[in-house]
S.K.: 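What follows is a structure written as structure tokens; I'll ask about it next.
The shown structure was predicted, so the numbers you read here are calculated from the model rather than taken from an experiment.
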Amino acid sequence: GKDGKGGPVKKYQDKIVFFGQLPYTATEDQIRRFIDRKGIEGYTVRILTDKTTKKSRGMAFVEFKRDRDAEEALKLDYSLFLGRRIRVERTAVGGGKNARRDGRNSRAKKTQEEERLTHVRTLLDEAFARQTRRRARASDPDRAAMAQDPGLHPSRRPVQVAPWSESGPKPVFMGRDDCDADVEKFVKSLP
């Protein structure tokens, strides 16, 4: 559907209202007394809690039996509750856990994993190509002589490292200039 301005119409769950910015110490009884001041009856309060600590997250959903009670509760938006300005808003349709949403999430997760794997393969291919170029430079006699130069500070000398391939133990000389920011970035990105 459209809202008359060309945009999609937001669907709301008419009888469920979100209460946000609540003090973490707020109890269900305190919320009930706050709502009761509006003369509203027949509703349920569900305070959202952290799964591990079981402490309040400062939010609650209140489900009303009648639409007009929900409308009346919306007038509490930005009112003072236990010393805090709270938010009271309609709840949009589509939240919670259901099979359709779980299916979308699993597809998105699979796509993200495939993209990450492709990125890692690209980084490894680039690192292998650089290592191949380094091996080619290692065969340079001037570079090998530099490793033996007593006049060169040890931190500036190329160091011999084992090659990455299984083709045989050829000496590979790597200097500080051979350090690779991409490989460092790849290692830091690993979980």
Side-chain angles (χ1 to χ4, degrees), residues 1-127 179-191:
K2 300 284 182 177
D3 64 1
K5 299 177 185 173
V9 173
K10 284 191 176 183
K11 294 183 180 179
Y12 294 102
Q13 294 182 5
D14 291 334
K15 297 177 185 177
I16 300 176
V17 176
F18 171 78
F19 282 67
Q21 304 295 319
L22 297 171
Y24 294 119
T25 57
T27 65
E28 184 177 333
D29 287 338
Q30 290 170 323
I31 295 170
R32 285 183 174 283
R33 276 184 264 144
F34 182 70
I35 295 171
D36 287 345
R37 292 188 326 188
K38 282 285 191 185
I40 301 170
E41 297 175 357
Y43 57 88
T44 58
V45 177
R46 184 170 54 96
I47 297 175
L48 299 178
T49 57
D50 184 89
K51 289 180 182 179
T52 55
T53 65
K54 306 294 184 211
K55 291 184 179 180
S56 169
R57 292 175 52 201
M59 299 176 265
F61 288 103
V62 180
E63 184 169 6
F64 297 92
K65 288 186 178 178
R66 300 181 303 193
D67 291 339
R68 68 174 176 240
D69 290 338
E71 288 293 326
E72 194 64 29
L74 290 172
K75 295 177 183 175
L76 294 170
D77 187 35
Y78 208 66
S79 59
L80 207 56
F81 173 69
L82 299 178
R84 292 188 63 147
R85 294 272 176 211
I86 63 167
R87 298 306 319 235
V88 181
E89 303 168 351
R90 290 190 180 278
T91 304
V93 174
K97 295 191 181 238
N98 60 40
R100 197 180 99 224
R101 181 176 179 196
D102 289 345
R104 276 195 314 258
N105 287 345
S106 65
R107 282 192 304 275
K109 189 174 184 179
K110 186 175 181 179
T111 302
Q112 187 178 31
E113 287 172 0
E114 289 170 357
E115 288 172 356
R116 184 177 294 141
L117 184 59
T118 302
H119 179 67
V120 168
R121 285 184 180 143
T122 301
L123 287 174
L124 289 174
D125 289 345
E126 291 170 358
C179 289
D180 189 336
D182 288 342
V183 173
E184 182 181 346
K185 198 183 318 177
F186 165 71
V187 170
K188 287 181 179 178
S189 73
L190 293 175

S.K.: Let me have the donor-acceptor pairs involving side chains of residues 33-49, under 3.5 Å, with sequence neighbours excluded, atom names and distances please.
M.R.:
from  : atom 1 : to    : atom 2 : distance (Å)
Asp36 : OD1    : Tyr43 : OH     : 2.7
Tyr43 : OH     : Arg32 : O      : 2.9

S.K.: Starting at CD of Glu126, measure out to CZ of Arg121 and round the result to the nearest 0.5 Å.
M.R.: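 These two atoms lie 14.5 Å from each other.
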S.K.: Under the side chain to side chain donor-acceptor pair (under 3.5 Å) test, which residues partner Thr25, sequence neighbours left out?
M.R.: none
S.K.: Check Ala26 against Phe81 and note the closest heavy-atom contact, atom names and distance.
M.R.: CB-CE2, 3.8 Å
S.K.: Looking at Ile31 and Leu22, what are the two nearest heavy atoms and their distance?
M.R.: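 Scanning both residues, the minimum pair turns out to be CD1-CD1, 3.9 Å.
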S.K.: Examine distances only and state if a side-chain atom of Arg85 and a backbone atom of Tyr78 form a donor-acceptor pair shorter than 3.5 Å.
M.R.: yes
S.K.: Distance check, rounded to the nearest 0.5 Å: Arg57 atom CZ versus Asp50 atom CG?
M.R.: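 Taking CZ in Arg57 and CG in Asp50, the distance rounds to 7.5 Å.
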S.K.: Can you see which heavy atom on Ser56 is nearest to which on Pro23, and at what distance?
M.R.: OG-O, 4.4 Å
S.K.: How far does OG1 of Thr122 sit from CG of Leu117, to the nearest 0.5 angstrom?
M.R.: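 The distance works out to 9.5 Å.
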S.K.: Identify the heavy atoms of Gln21 and Arg87 that sit nearest to each other, and give their distance.
M.R.: CG-CG, 3.8 Å
S.K.: Measure the spacing between CG of Asp77 and CD1 of Ile86 and express it to the nearest 0.5 Å.
M.R.: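 Nearest 0.5 Å value for the CG-CD1 distance: 8.0 Å.
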S.K.: What residues, two or more places apart in sequence or in another chain, satisfy side chain to side chain contact (heavy atoms under 4.5 Å, CB included) together with Leu74?
M.R.: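 Counting only residues at least two positions away or on another chain, Leu74 forms a side chain to side chain contact (heavy atoms under 4.5 Å, CB included) with Val17, Glu71, Val88, Arg90.
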